[in-house]
There are 2 protein chains.
Amino acid sequence: MTSTFSPSDASRPFLAWQGILDWAQEHYRYRAFSKDERIPARTGLLYLVQQGLVRLVGTSEVTSNKTHLSFRLSQQSNDEAFLGFVGIGQPFEIVAPSPFILDAYAHIDRTSVVWLYWNELDNWPLFRREVMEAFRYQHQRKLLWLTTLGQKQTIDRLLGFLTLLIEEFGEPCDRGYFLPFPITHAQVGSAIGATRVTVTRLMGKLRQRKLIYVQDDHLICLPAFTPRIGRGGPQVG
Amino acid sequence: MTSTFSPSDASRPFLAWQGILDWAQEHYRYRAFSKDERIPARTGLLYLVQQGLVRLVGTSEVTSNKTHLSFRLSQQSNDEAFLGFVGIGQPFEIVAPSPFILDAYAHIDRTSVVWLYWNELDNWPLFRREVMEAFRYQHQRKLLWLTTLGQKQTIDRLLGFLTLLIEEFGEPCDRGYFLPFPITHAQVGSAIGATRVTVTRLMGKLRQRKLIYVQDDHLICLPAFTPRIGRGGPQVG
């Protein structure tokens, strides 16, 4: 078993995927969500994206001004951070010790998830292995994400962030690769520690320098310069 | 199998740890490093920290100014980001597709690591499972880290970052919990996207507000307010 990121790994389907889906339907472990609807995910369960796209967000109650016992007042807190997308065939889980809160939302319409208890995975050892490989892959991606967020200039963090997103979720287009779903400037800002206004301004700069393009419907496109582009990680074929 | 973060999980030793160490010594898969020495880790191998502490750093070549084919000119690049520590009994691996570079360094003297090829783990299925659980745990921690880095105010990112570090690696002291090894302001800055100067200034503010203390030898200490503190994840007991 070598590290992921190779095309053979990228196209590898979950071996027991159909069996899991059938089982989940039979056991009422399936639910569909509409765009921006919160997925009431609980700690201790494993979730799998069956259709659509899931958006993970985090809220930190560690601030230098407020008490650490404060509670979030609203779901749409300004300090909610975008933590990434989870695509079809990928697992996610919600583990957030105080003072952190993680939440999952359907990013697009017709997003559906199934869920299992971790011990139920013992019935499908090969599938369990695939899930763990998927988390290993997601961890690798987050290290790259952190690499970008350590850059001093906000515009570099922005470009690095978009590059990573499109590397993982992008689809080919005339000019290069584009992100096939919308993401708001506020969401981008919440990932890179910048305001929506700053993101809008810097996106303009990146467009001027022809480092990004914006397609119809505000889809973000990167010119084809990156050596390796492609969906990575275990995924439904 | 439930999610990690519980004390029982935290104290769980690697089951086959001694066997792995003996095997690694026999097969010359062991090496010690001095402080800040680079560990020449290669893609496709799994590394385990036997003694000391490993520091992961990342370099992104995605910038809005330079060409994407640029190469790093120095190991001590200003845009090297601190990605986290790997403690005793924890695994790490170096997977970095272009245009990202990951590196591992010994953070303190007498740091030693052993390494294996992934397929060799098939000989120790229980150990393999522990390694994958450790990566799953590390992934969970990185999501919290990203939550903190999404905060708009640099001082909040700083406090959140220190809280996470001390939550994971802290040891009890009179006033609360302290990080039992030094970390430079430049390293902290490279994690949260700030300069060394900014970190020094904001650390002063946090000390004034009594949100952090600094012990002898510049060790950072958090007062004991955080509900859950403790080393987490699989680790040598």
Side-chain angles (χ1 to χ4, degrees), chain A residues 1-5 43-44 56 58-60 62-64 68 78-83 93 95-100 102 118-119 121 132 135-136 138-140 142-153 155-157 159-160 163 190-195 205-206 209 211 225-228, chain B residues 1-5 43-44 56 58-60 62-64 68 78-83 93 95-100 102 118-119 121 132 135-136 138-140 142-153 155-157 159-160 163 190-195 205-206 209 211 225-228:
Chain A
M1 177 82 42
T2 59
S3 57
T4 52
F5 290 105
T43 300
L56 295 183
T59 312
S60 171
V62 181
T63 77
S64 57
H68 288 267
N78 275 331
D79 258 348
E80 206 173 73
F82 170 61
L83 305 182
E93 60 181 338
V95 180
S98 173
F100 296 93
L102 297 192
W118 273 95
N119 60 6
L121 281 187
M132 296 306 283
F135 281 130
R136 177 182 162 216
Q138 288 181 20
H139 175 240
Q140 292 165 1
K142 290 315 181 206
L143 289 182
L144 304 184
W145 194 323
L146 287 170
T147 297
T148 272
L149 295 192
Q151 291 177 284
K152 303 281 178 298
Q153 304 296 320
I155 194 168
D156 293 337
R157 295 206 294 272
L159 183 59
T163 302
S190 78
I192 65 171
T195 63
K205 272 198 186 179
L206 292 178
R209 297 183 197 169
L211 291 169
F225 51 63
T226 312
R228 302 195 213 176
Chain B
M1 178 84 38
T2 59
S3 58
T4 52
F5 291 103
T43 301
L56 295 182
T59 312
S60 170
V62 181
T63 77
S64 56
H68 289 268
N78 275 331
D79 258 348
E80 208 174 69
F82 170 63
L83 305 181
E93 61 181 338
V95 180
S98 172
F100 296 93
L102 297 192
W118 273 95
N119 59 8
L121 282 187
M132 297 306 283
F135 280 130
R136 176 182 162 216
Q138 289 182 20
H139 175 240
Q140 292 165 0
K142 290 313 180 206
L143 289 181
L144 303 184
W145 194 323
L146 286 170
T147 298
T148 270
L149 295 192
Q151 290 176 285
K152 302 283 178 296
Q153 303 297 320
I155 195 168
D156 292 338
R157 294 206 295 270
L159 184 60
T163 302
S190 79
I192 65 171
T195 64
K205 273 198 185 179
L206 292 178
R209 296 183 197 169
L211 291 169
F225 51 64
T226 311
R228 301 194 214 177

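Bear in mind that the values here come from a model prediction, so they are computed numbers and not experimental data. Letters A, B, ... are given to chains in the order of the sequence lines, protein chains preceding strands, and every chain is numbered from 1.
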**Q** For chain B, find which of G58(A), G160(A), A191(A), G193(A) contributes the most heavy-atom pairs closer than 4.5 angstrom.
**A** G193(A)
**Q** Could you tell me whether a side-chain N or O of R157(A) sits under 3.5 Å from a main-chain N or O of Q151(A), the two making a donor and an acceptor?
**A** yes
**Q** Taking every non-hydrogen pair under 4.5 Å, which of L102(B), L146(B), L56(B) racks up the most with chain A?
**A** L146(B)
**Q** If you define the side chain from C-beta out and look only at heavy atoms, does anything of L159(B) sit under 4.5 Å from I155(B)?
**A** no
**Q** Quick one, E93(A) and W118(A) - any side-chain contact, counting heavy atoms below 4.5 Å?
**A** yes
**Q** Which atoms of L149(A) come close to chain B, meaning under 4.5 Å heavy atom to heavy atom: side chain ones, backbone ones, both, or neither?
**A** both
**Q** Ignoring hydrogens and angles, tell me if any N or O in the side chain of T147(B) forms a donor-acceptor pair with the backbone of A81(A) under 3.5 Å.
**A** no
